[in-house]
Number of protein chains: 2
Amino acid sequence: MKTELSAVSAKVPDQRLPRYQRLREMLAERITQGEWAPGLAIPAETELAAEYGVALGTLRSAVGLLVDEGMLARAHGKGTFVRSELAQASMFRFFRFRGQAHQDATAIPKSIIHDLREVALAPDLSERLGAGRSRRGIFMLRTRSFTDAPHLLEKIWLPLQPFKTLLRLDRTAFGDLLYPFYRERCNVVVARASEEIGFGTLAQKDAALLRMATGHPVAVIERTAFSLAGEPVEFRITQGDAYCFHYGVEIK
Amino acid sequence: MKTELSAVSAKVPDQRLPRYQRLREMLAERITQGEWAPGLAIPAETELAAEYGVALGTLRSAVGLLVDEGMLARAHGKGTFVRSELAQASMFRFFRFRGQAHQDATAIPKSIIHDLREVALAPDLSERLGAGRSRRGIFMLRTRSFTDAPHLLEKIWLPLQPFKTLLRLDRTAFGDLLYPFYRERCNVVVARASEEIGFGTLAQKDAALLRMATGHPVAVIERTAFSLAGEPVEFRITQGDAYCFHYGVEIK
DNA sequence: CAGTGGTCTAGACCACTCC
DNA sequence: GAGTGGTCTAGACCACTGC
């Protein structure tokens, strides 16, 4: 199949842009439209270059952009893959409690949803979520437990679109992992996230939910999650006992 | 002038690395050595490519790495310039204090070395540093300040080889950044690092150095730094006021 | 082994900046 | 107009993966 660079889709990128940037747009389109499924490989670079009628280097530049953005991942000798959602379990290997029997990094903590409702987003939240037009959103409050007692308290904000359908579901239907749930119910794939780690003390209400003393020191993780298209789709604040907190990072 | 890729300097990067990565090392060397001054343009890409006897694309890949790292900045039609604030502190952008006047992520904190001596490495430290044969090492204690007061306390362990030469130097000769210093004095390039973040409270001795109360909550960052060859070359524990601590992470 | 991405070449022309 | 970086081509060969 030969796909002309100028006629691949209804959305033709600005012709004045460099070819590799237009290619990036067209490839991103095919990914977000679901033509290439998350977790699977896209066609080989030589094949795609031939299909679009561009040189290999140009195609590679376009793919490179999507790799930098986190939409694609290259695997030398194997192929180029559409990123599936961040396995939340794998994200949790960075956030584990130390010195405990439940050290198992793959363990998925049990989730209990205490609150779920539509809310008006504060201006800063609205901006974070890119929900420019609508100031409406969804707020979720849940605790997560590794054993019996609650260890983590999470406050989660979502834009009303495309998550509105979640409001109609029973809280027990959510399961312990949200990102696969987002994908199944709302067709949103979380591709990457940005976290900010800080330190604070528990407010009275939060302390009650965690069964800890007001003012107890906690680690505070603020996470913004992004879709394959690069749009912010979730903001969450996680709190947990500071002295049990442990977080690993690889630099460069 | 023609400079052979293989004979440009006494420090020849590993020949097994791709050409553009070796080029990057050699260009970085000329920048850090001061041959090209901060704020000024380096030679044109065509000129450098000819000098090193490589294709333009290869030279551009090498420059691209240094641009990504923030050491160089391209200006279309004007040239490629050495960044003024030679922010070798790229590793420090992950560890910044919030809500303060010295928010500038590129600011390099002032360093004061309080202790520097040869020590026997505890077994776990010896293992971390891969100093299997020799159990001897170097211990360094220093504080770092963004303004006048000390903000961070760092305990640093190094294997005796190849850092032995540091013991003969005056403490004031160390400067504010250790990694460039390691490279200049000991020919060790820190290529990547692994960090573990946690929280704790200040011991009495440490509290005195930070001029804070014993038991004050602190963020604790344990970092293992690795050389280009992948060998662990430094282990350091950094402590700082938990309430000022802020750490950003990108997850993909 | 075939197929994939990774590196590299030696050109070409375009877009931008400054004189 | 001269010099710079930006884009693009059409090849070549290497390194890695999996059968």
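Remember, it's a predicted structure, so these values are computed and weren't measured experimentally. Just so it is clear: chains get the letters A, B, ... in the order the sequence lines come, proteins before strands, and each one is counted from 1.
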Between A:A55 and B:G79, the residue closer to the 5' end of DNA chain D by nearest nucleotide is B:G79
Over how many whole Å does the gap from B:L59 atom CG to C:dT7 atom C1' extend?
15 Å
Roughly, in whole Å, what's the span from OH in B:Y52 to P in C:dC8?
15 Å
Mind checking if A:A41 touches a base, just sugar-phosphate, or nothing, with heavy atoms under 4.0 Å?
nothing
Are A:Y247 and A:E195 close enough that some pair of their side-chain heavy atoms sits under 4.5 Å apart?
yes
In short, B:F181 meets B:A173 closest at the heavy-atom pair CE1-O, 3.2 Å
D:dG3 phosphate, OP1 or OP2, under 4.0 Å from B:K78 side-chain N/O:
no
Does A:T80 make a side-chain N or O approach to OP1 or OP2 of C:dG5 shorter than 4.0 Å?
yes
For C:dT7 and B:Y20 - does any side-chain N or O of the residue sit under 4.0 Å from the phosphate oxygens OP1/OP2?
yes
Of the options D:dG5, C:dG5, D:dT9, whose atoms approach the side-chain atoms of B:H76 most closely?
D:dG5
If you assign each of A:L56 and A:G77 to its closest nucleotide in DNA chain D, which residue comes earlier from the 5' end?
A:L56
If we only count heavy atoms from C-beta on, is the B:E45 to B:R60 side-chain gap below 4.5 Å?
yes
What is the distance from CZ of A:R22 to C1' of D:dC8, rounded to the nearest Å?
12 Å
Can you check the B:L23 CG to C:dT7 P distance for me, whole Å?
13 Å
Write down the distance between CD (A:E45) and P (D:dA10), rounded to a whole number of angstrom.
17 Å
Separation of A:L72 atom CG from C:dG5 atom P, in whole Å?
11 Å
Hey, is the side chain of B:R60 poking within less than 4.0 Å of OP1 or OP2 on D:dG6, counting only N and O atoms?
yes
Side-chain heavy-atom pair A:E234, A:I156 within 4.5 angstrom cut-off:
yes
Starting at CZ of A:R74 and ending at P of D:dA15, how long is that distance when rounded to a whole Å?
18 Å
What's the shortest heavy-atom distance between A:W36 and A:I31, and which atoms?
CE3-CG1, 3.7 Å
Is the shortest side-chain N/O distance from B:T58 to OP1 or OP2 of C:dT7 below 4.0 Å?
no
To the nearest angstrom, the CG-P distance between B:L17 and C:dG6 comes to 16 Å
